[in-house]
Amino acid sequence: MSGGTNPLLSVSGVVDFRSFDAADVVPAITELLARAEREFDALEPALAPRWESCVAAVDAVERPLEDLWRNTMHMSSVANSDALREAIDTVQGPLVRFGMRVGQSRPLFDALEALAADAAALSPAQRRSVERRLRGMRAAGVGLDGDDRARFTAIMERLSELGTRFSNNVLDATRAWHLDIVDPERLRGVSEVDRAVLAAGYARATGTEADVAQGPWRVGLDFPSVRAVLDDASDRSLREEVQGAFGTRATRGDSNNEPLIREILELRAESARILGFATFADLQMEARMAGVSSATALLETLRAAAWEPYVAELAALEQYAVTRGHEGRLESFDLRFWRARMREERFGFTSDELRPYFPVPRVLTGLFALIERLFGVQIVEATADASRWDDQVQYFRVFDRGGEIAGFYLDMYARPENKRSGAWMQPLLPRRRVNGALQLPVAVLVCNAAPPLGGRPSTLSFDDVLTLFHEFGHGLQHMLTEVELEDLSGTGGIEWDAVELPSQFMENWCYHWETVAGMTAHTDTGEPIPRELFDKVCAAKNFFAAQDLLRQVAFGLTDLELHTVFDPAAGDADAVYRANSARTSLIPPRDGDRFLCSFAHIFAGGYAAGYYSYKWAEVLSADAFGAFEDAGLDSPPAVERTGRHFRETVLALGGSVEPAEVFRRFRGRDATPDAVLRHNGLSAPARATPDAPRA
């Protein structure tokens, strides 16, 4: 334990990361859990259908435990260790059981039902909160008795454990594999910037020197390494080796996720049946905008619109590759390489030409300026005042005319040794009132860009910039909320298939000239990106858009099928993915590839029976950006007015209003798929297909 007093017991929203010690987790969680159990046992018999003595009182019981657990799971993602894993494994079961104890409390359910029936007693936001809590308790098995309740609780505990194991296995497999390269010819085509990253990786791992030009270099399975090789390495055998390792993560030994996938799907299906649902997807859709049929219809609409353009894209790529010396058929590990070469030749620029214009400090300056223009807030760095888990993490405060309204951490750079891959927004503290005092929201924005080297700032690929804007969209919804009910503020309480709206909306600004000019400054000259080069980037925006769209459709269709008609006891989940890939691609996954074993979105995240949400929300986000296009992107006053309206609706209302109504308040009508097809350079398919999403 750190010192004489456990510092985690004094947590009020956000822990002191400098003093966070895995050894403190079990005793702190154990003490807070025992306290919460005592308080709920005393509260339960006296529950009455009144907001303060029911909802607010239960929240007060659960809050300290939830705050600490949220911070602990955050640390497991960005500073993973064996000790922290062991601590999480120890307390996860008791935490799930307590959550089920509250979720299955009949006195609490009865009090909430009576409260919901008294319309005059609640504000609209409180009513939605109560309705969502009732739905959540039904999904937690409050209506179950005897053996069904015991079995359901055991399933929930096991699923929680399996999700954590799945994520850890992916992290372990990612950091276990590496390839050291000593022959410069093997990295022919890879940029000097990426070679520097790979050389630094070798030096860091071995404690020896590595030269950017002469090596050695270490290629890992972190995304900066994989992207550098698959996009630019002329050595086809190297691309095949790296793609093969990446596609078989978490498929061997103690890190093999294949048996976990089967058990997860079996337990999810069983839990849904116990609750009276035909499938797990039907259970999940209870709290979504879409149903299984409408989600599937949207994916099929997009598949039909993209198929013929994709076939044409692939034929052109194959012809291009052959004329440049490629022999034989294109394989999956060839696609990114030849796409990059074809794009360079067709549009007249390279990814390496773009990178120096996007140093991280300048990108952040431009991003913050955009946010200030759109939403009337100011972002001020306060890193020196913040407790951080890594020296490269930054902290910022957010202000508007009324004063400070939020804060966020930015964890920008890859650390393959203890940080999971990908990018995400983690709410650390929701906006809420506690004992009458307003607590401001705090978020963590996480990316995995290549770190700065040799005293020079990190430079971002254009894809990295898009990712940063995407995660900032999530962060803005968390931080600019005006809701003070913690279960509905920010992204809380928003139907899962609408939660990607602000994130995908923000990506559109990466193709807006004034925005990009303001966030670029060449690392050597300080000059912003030339307009001619920017226009080339915009012209290339929809290059192979159909192929990229179909890849996402394949993931969404696979996810829905696995959680509806698939029988995990008799079937092969990988065969489901391969069948959906065959409907969306003319290049099948390679033998041995097991994408599902690292598909943490649906097996260790919140996207189970919900991966379609990316495309569902993209319909909303494209249509929302259409409001700015209609108002006039070249008119600063129009952009500012529309941005304030977006803040007052999409960002401010959180989960206090159902998302179709939020969209109507912003756009004045229901969403249509017209804008998303237009933004992807596609047309609606000729045959009739259902519109989606509509309220």
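- Here D222 does not pair with K419 in a salt bridge; the nearest charged N to carboxylate O distance is not below 4.0 Å.
- Judged by distance alone, the side chain of D334 and the main-chain N or O of E331 form a donor-acceptor pair under 3.5 Å.
- E131 has no carboxylate O lying under 4.0 Å from a charged side-chain N of R128, or vice versa, which leaves the two without a salt bridge.
- If you look at F544 and W338, their ring centroids are not closer than 6.0 Å.
- Taking the ring centre of F280 as origin, the terminal cationic atom of R268 falls inside the region bounded by 6.0 Å and 45° from the ring axis.
- No more than 12 heavy-atom neighbours from other residues, nucleotides or ligands sit within 6.0 angstrom of CD on Q319.
- A cation-pi contact links R341 to F337, judged by a cut-off of 6.0 Å to the six-membered ring centre and 45° from its axis.
- The aromatic rings of Y310 and W307 sit tilted relative to each other, their planes meeting at an angle between 30° and 60°.
- Within the model, atoms OG1 of T467 and CD of E507 stand 7.0 Å from one another, a figure rounded to the nearest 0.5 Å.
- Within the 4.5 Å cutoff, the side chain of S351 has heavy atoms near those of the R343 side chain.
- In summary, D497 and R288 do not engage in a salt bridge, as defined by a charged side-chain N under 4.0 Å from a carboxylate O.
- R644 and E640 are joined by a salt bridge, as a carboxylate oxygen and a charged side-chain nitrogen come within less than 4.0 angstrom of each other.
- Cation-pi geometry between R249 and F246 is satisfied (NZ or CZ under 6.0 Å from the ring centre, within 45° of the ring normal).
- The structure places CG of L299 at 9.5 Å from OH of Y612, a figure rounded to the nearest 0.5 Å.
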Problem - Trace of the salt bridge (charged side-chain N to carboxylate O under 4.0 Å, His left out) decision for D623 with R667 - result: CA-CA 8 Å; D623 203 343; R667 201 68 168 101; 3.1 Å; yes
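- Ring pair F469/Y511: centre-to-centre distance not below 6.0 Å.
- Between the side chain of S585 and the backbone N or O of P588, no donor-acceptor pair lies under 3.5 Å.
- The closest donor-acceptor contact from the side chain of T481 to the backbone of H478 lies at 3.5 Å or more, if one exists at all.
- Remark: R551 CZ is loosely packed, at most 12 non-hydrogen atoms of other residues, nucleotides or ligands lying under 6.0 Å away.
- Ring-centre distance between F599 and Y611: below the 6.0 Å cut-off.
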Which atom pairs, one a donor and one an acceptor, fall under 3.5 Å between side chains of residues 535-542 and the rest of the protein, sequence neighbours left out?
residue	atom	partner	partner atom	Å
D535	OD1	R531	NE	3.0
K536	NZ	G348	O	3.2
K541	NZ	H679	O	2.8
N542	ND2	H679	O	3.3

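- Salt bridge R647/D400: present, at least one basic N to carboxylate O contact under 4.0 Å.
- Heavy atoms only, all atoms of each residue included: N448 and G422 are closest at ND2-O, 2.7 Å.
- Classification of D674 and R678 as a salt-bridged pair fails, no side-chain N sitting under 4.0 Å from a carboxylate O.
- Within the 4.5 Å cutoff, the side chain of W424 has heavy atoms near those of the V78 side chain.
- Side chain of W509 to backbone of T515: no donor-acceptor contact under 3.5 angstrom is found.
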